Amino acid sequence: MEYEFMQDVTGQVTSRFSMDHEAVGHWLNEEVKGDVSVLDKITSALAEIKGSERQWQLDGHEYTLLMNEEEIMIRANQIEFDTGEIEEGMSYYDNESIAFCGVDDFIDMLVNYRDFVLKNG
């Protein structure tokens with residue numbers, strides 16, 4: 001997962017992610033918006049579900065984060081495809097709408113995001 005964090009002219013922290021993880025960047029930009037308390041909530045929830053079969057979900061306005069102890073999924077709340085009408089050999093471009101990543105990579109990214117926000121905030 002490749003990404004970069006930036007600060008725009010208004011001081012808002014924004015992120016940009018590689019093609020397979022674009023939804024993660026949109027989630028950070030739309031739902032987290034530099035609020036490190038959201039990051040604390042996620043890491044606490046991960047500690048609670050570790051070693052169990054349970055899942056945890058954080059519903060946002062635009063994106064929802066779903067997590068189990070091994071994988072993170074971020075998906076747009078408005079995602080809905082009618083795959084019955086798509087031509088053979090074609091597929092939907094949904095990288096901006098859904099992304100999956102391992103928990104360790106996700107937590108490493110959140111640590112880097114937190115450091116960037118606290119350093120530039």
Side-chain angles (χ1 to χ4, degrees):
M1 174 167 54
E2 293 181 27
Y3 53 86
E4 72 175 307
F5 305 123
M6 302 149 285
Q7 191 171 26
D8 67 18
V9 293
T10 67
Q12 179 73 34
V13 173
T14 59
S15 60
R16 189 176 339 178
F17 279 69
S18 57
M19 196 168 184
D20 288 340
H21 297 98
E22 288 173 278
V24 177
H26 293 305
W27 172 78
L28 282 172
N29 295 338
E30 297 296 322
E31 305 298 340
V32 178
K33 297 179 183 176
D35 183 356
V36 294
S37 70
V38 174
L39 310 181
D40 295 337
K41 187 185 296 188
I42 292 166
T43 53
S44 293
L46 181 60
E48 289 178 25
I49 65 171
K50 198 159 187 79
S52 74
E53 296 291 317
R54 293 184 299 161
Q55 293 185 334
W56 184 80
Q57 181 171 322
L58 179 62
D59 296 319
H61 182 69
E62 298 286 331
Y63 288 85
T64 296
L65 179 143
L66 291 103
M67 172 172 68
N68 62 33
E69 73 170 332
E70 296 177 3
E71 187 174 56
I72 305 286
M73 178 179 79
I74 294 177
R75 67 170 172 76
N77 294 338
Q78 301 299 320
I79 191 169
E80 186 175 317
F81 295 123
D82 179 7
T83 56
E85 297 179 20
I86 194 166
E87 292 181 32
E88 187 176 329
M90 301 295 286
S91 64
Y92 286 104
Y93 176 79
D94 63 356
N95 288 348
E96 293 178 357
S97 301
I98 192 165
F100 297 88
C101 66
V103 168
D104 292 340
D105 288 341
F106 188 76
I107 295 301
D108 288 346
M109 179 277 299
L110 290 185
V111 167
N112 291 334
Y113 181 79
R114 176 193 302 273
D115 291 347
F116 187 89
V117 167
L118 294 177
K119 186 173 70 176
N120 294 288

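Since this is a predicted model, take the numbers as computed values, not measurements.
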Practice item. Answer yes or no: are there more than 12 heavy-atom neighbours, outside E53 itself, under 6.0 Å from its atom CD? Key: no

Do [X] and [Y] touch side chain to side chain, with heavy atoms closer than 4.5 Å?
X   : Y    : answer
Y3  : L28  : no
M67 : F106 : no
E31 : V38  : no
Y63 : L65  : no

To the nearest 0.5 Å, what is the distance between [atom1] on [X] and [atom2] on [Y]?
X    : Y    : atom1 : atom2 : value
L46  : K41  : CG    : NZ    : 15.0 Å
Q55  : E70  : CD    : CD    : 11.0 Å
I74  : C101 : CD1   : SG    : 6.5 Å
E4   : N112 : CD    : CG    : 13.0 Å
F100 : M1   : CZ    : CE    : 13.5 Å

Practice item. Scan for salt bridge (Lys or Arg N to Asp or Glu O under 4.0 Å) pairs involving residues 103-117, sequence neighbours excluded, and state none if there are none. Key: D40-R114

Exercise for review: Determine yes or no for a side-chain-to-main-chain donor-acceptor pair under 3.5 angstrom, with E69 supplying the side chain and I49 the backbone.
Suggested key: no

Check your understanding: Can you tell which of L110, V103, L66 makes a side chain to side chain contact (heavy atoms under 4.5 Å, CB included) with I72?
Key ->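 So, applying the side chain to side chain contact (heavy atoms under 4.5 Å, CB included) to I72 and each of L110, V103, L66, only V103 qualifies.
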
Check your understanding: Minimum heavy-atom separation for A23 to S97, with atom names?
Key ->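 For A23 and S97, the tightest heavy-atom pair comes out as CB-C, 4.0 Å.
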
Review point. Which heavy-atom pair separates G25 from S15 by the least distance, and what is that distance?
Key: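 Answer, listing the atom of G25 first, then S15: O-OG, 3.3 Å.
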
Practice item. Could you tell me whether W27 and Y113 have their ring centroids closer than 6.0 angstrom? Key: no

Practice item. Output, in order, the C-alpha distance, side-chain angles, deciding distance and verdict of side-chain contact (heavy atoms from CB on, under 4.5 Å) for F5 and M109. Key: CA-CA 10 Å; F5 305 123; M109 179 277 299; 4.1 Å; yes

Check your understanding: Does a side chain donor of either T14 or N29 reach within less than 3.5 Å of an acceptor in the other side chain?
Key -> no

**Study point:** Path from M6 to L39 over hydrophobic side-chain contacts below 4.5 Å
**Key:**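 No: no chain of side-chain contacts under 4.5 Å links M6 to L39.
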
